[in-house]
Amino acid sequence: MIESLRAQLNDWKYGRSIVKHFIELLNESELDKPFPRKNLNTIREQCEELIQVQKCYVDALDTKQIKFSYQPLSDNSKENLILCMDRLDSLLETKLEQFDGSEKIIWFGEEWNIHQHISAMIGHEQMHIGQMIAFCYSCHIRIPESIVHKMAL
């Protein structure tokens, strides 16, 4: 893999590890506690959406065009959320191994280079991490110590 994509993949893995720690370390009621938000108002729902969106980004690596269409998970258990994330992360890494940095993805009629595409995926994940942290504070959910340490909270 080229160095620039390897660096972005490492950035992705950092954020993804935080999301997975939320899933692994929060209990079921914490994952399902409602947030003051209209949609995606639990950590579990946010994690399911992260999987759905990542699948669209990974699919675009083959189709060369981003299309956001979501299929709900039939199983949104903690174990399956982690399994789906691990599978998509492995697929992402395998696909990026073949890229040379010149690839283009069509974003709603606009041509983006592969680095822009991956940066957008990372940014989306980071936005949700920020929401999860803010909602934990506002809803009195204990933020796992590994996340507190990793993010210097």
Side-chain angles (χ1 to χ4, degrees), residues 1-24 26 31-139 143 147 150-153:
M1 182 180 308
I2 65 170
E3 187 176 336
S4 56
L5 284 175
R6 172 71 56 203
Q8 286 187 293
L9 184 62
N10 288 337
D11 191 24
W12 169 258
K13 287 178 180 182
Y14 168 79
R16 178 47 55 97
S17 73
I18 292 169
V19 172
K20 287 170 59 177
H21 278 121
F22 269 114
I23 296 168
E24 293 166 346
L26 295 182
L31 286 174
D32 293 322
K33 187 170 185 173
F35 294 157
R37 179 183 165 157
K38 191 187 320 183
N39 297 310
L40 303 175
N41 67 337
T42 69
I43 290 175
R44 187 183 313 270
E45 287 177 5
Q46 291 212 0
C47 292
E48 184 171 350
E49 195 259 356
L50 287 171
I51 291 165
Q52 294 165 334
V53 168
Q54 183 188 6
K55 183 177 183 325
C56 296
Y57 278 88
V58 171
D59 287 348
L61 298 177
D62 290 328
T63 65
K64 305 299 185 227
Q65 183 173 355
I66 192 72
K67 289 185 181 178
F68 291 107
S69 59
Y70 309 127
Q71 296 296 322
L73 298 178
S74 58
D75 175 5
N76 69 357
S77 66
K78 290 172 74 161
E79 297 77 18
N80 196 55
L81 291 173
I82 298 290
L83 181 64
C84 288
M85 288 179 177
D86 287 345
R87 284 181 182 157
L88 280 169
D89 289 348
S90 179
L91 187 58
L92 172 67
E93 188 163 3
T94 298
K95 289 181 182 298
L96 290 179
E97 286 287 347
Q98 305 165 29
F99 283 36
D100 65 16
S102 67
E103 295 79 11
K104 307 288 184 199
I105 309 288
I106 302 300
W107 271 72
F108 308 105
E110 186 178 336
E111 193 174 80
W112 284 20
N113 69 47
I114 187 62
H115 295 91
Q116 289 172 288
H117 180 72
I118 299 301
S119 288
M121 185 180 73
I122 293 166
H124 178 256
E125 188 99 351
Q126 293 292 333
M127 181 271 301
H128 278 282
I129 291 168
Q131 285 188 2
M132 287 184 233
I133 289 168
F135 288 139
C136 283
Y137 282 129
S138 69
C139 295
I143 298 171
I147 296 170
K150 217 175 226 193
M151 298 201 74
L153 301 176

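- Taking W12 as the reference, nothing meets the ring pair (Phe, Tyr, Trp, His ring centres under 6.0 Å) condition, with sequence neighbours excluded.
- Using a 4.0 Å cut-off between charged nitrogen and carboxylate oxygen, R44 and E49 do not count as a salt-bridge pair.
- D89 CG to C84 SG: the interatomic distance, rounded to the nearest 0.5 Å, is 11.0 Å.
- Between H124 and H128, the angle of the ring planes goes over 60°, which puts this pair in the perpendicular group of the 30/60° scheme.
- G15 approaches I129 most closely through the heavy-atom pair O-CD1, 3.3 Å.
- By the 4.0 Å N-to-carboxylate-O rule, K67 lies too far from D59 to be salt-bridged with it.
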Query raised in the report: I51 and M85: side chain to side chain contact (heavy atoms under 4.5 Å, CB included), yes or no, with the steps?
Result: CA-CA 6 Å; I51 291 165; M85 288 179 177; 3.7 Å; yes
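- No side-chain heavy atom of I114 sits less than 4.5 Å from a side-chain heavy atom of D100.
- Residues forming a salt bridge (Lys or Arg N to Asp or Glu O under 4.0 Å) with E125 (at least two apart in sequence, or on another chain): R16.
- With hydrogens and angles ignored, the 3.5 Å screen pairs no side-chain donor or acceptor of S90 with any backbone N or O of D86.
- Of all heavy-atom pairs between I66 and I105, the closest is N-CG2, 3.9 Å.
- Using a 4.5 Å cut-off on side-chain heavy atoms (C-beta onward), N113 and K104 make contact.
- Under the ring pair (Phe, Tyr, Trp, His ring centres under 6.0 Å) criterion, F99 pairs with no residue at all, not counting sequence neighbours.
- When atom types are taken as modelled, the side chain of Q8 and the backbone of H115 share a donor-acceptor pair closer than 3.5 angstrom.
- Remark: N80 pairs with no residue by the side chain to side chain donor-acceptor pair (under 3.5 Å) rule, at least two apart or across chains.
- For Q71, the CD atom is loosely surrounded, since the number of other residues' heavy atoms within 6.0 Å does not exceed 12.
- Nearest heavy atoms, M1 versus E97: N-OE1, 3.1 Å.
- Minimum interatomic distance between W112 and A120 (heavy atoms only, all atoms of both residues): CZ3-CB, 3.7 Å.
- Remark: F35 engages F135 in a ring pair (Phe, Tyr, Trp, His ring centres under 6.0 Å) (not counting sequence neighbours).
- Taking the salt bridge (Lys or Arg N to Asp or Glu O under 4.0 Å) definition, one finds that K13 meets it with E93, sequence neighbours left out.
- Here L96 contributes atom CG and E103 contributes atom CD; the two are 9.0 Å apart, rounded to the nearest 0.5 Å.
- Between atom CD of residue E79 and atom CD of residue E24 there is a gap of 10.0 Å, rounded to the nearest 0.5 Å.
- Between E48 and the options L73, L40, T42, a side chain to side chain contact (heavy atoms under 4.5 Å, CB included) holds for only L73.
- I43 pairs in a side chain to side chain contact (heavy atoms under 4.5 Å, CB included) with only one of the listed residues (L26, V19, D32), which is L26.
- The aromatic rings of H117 and W107 lie perpendicular to each other, with more than 60° between the two planes, well past the 30° mark.
- Taking CD from Q52 and CG from L50, the interatomic distance works out to 9.0 Å, rounded to the nearest 0.5 Å.
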Report task. Tell me, with the steps shown, if K78 and I82 meet side chain to side chain contact (heavy atoms under 4.5 Å, CB included). Result -> CA-CA 6 Å; K78 290 172 74 161; I82 298 290; 5.7 Å; no
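- Atom OG of S119 is separated from atom CD of Q126 by 11.0 Å, given to the nearest 0.5 angstrom.
- Heavy atoms of other residues, nucleotides or ligands lying less than 6.0 angstrom from CZ of R87 number 12 at most.
- In this structure, Y57 and I122 have side chains that are not in contact, with every pair of non-hydrogen atoms separated by 4.5 Å or more.
- Between L81 and C47, the shortest heavy-atom contact is CD1-CB, 4.3 Å.
- Taking CD1 of I133 as the reference point, atom CE of M151 lies at 4.5 Å (rounded to 0.5 Å).
- The minimum heavy-atom distance linking M132 with Q46 is given by the pair CG-OE1, 3.7 Å.
- Using a distance-only test at 3.5 Å, with no hydrogens or angles considered, a donor-acceptor pair links the side chain of K33 to the main chain of C139.
- Counting only distance, with no hydrogens or angles, the side chain of E45 and the backbone of N41 share a donor-acceptor pair below 3.5 Å.
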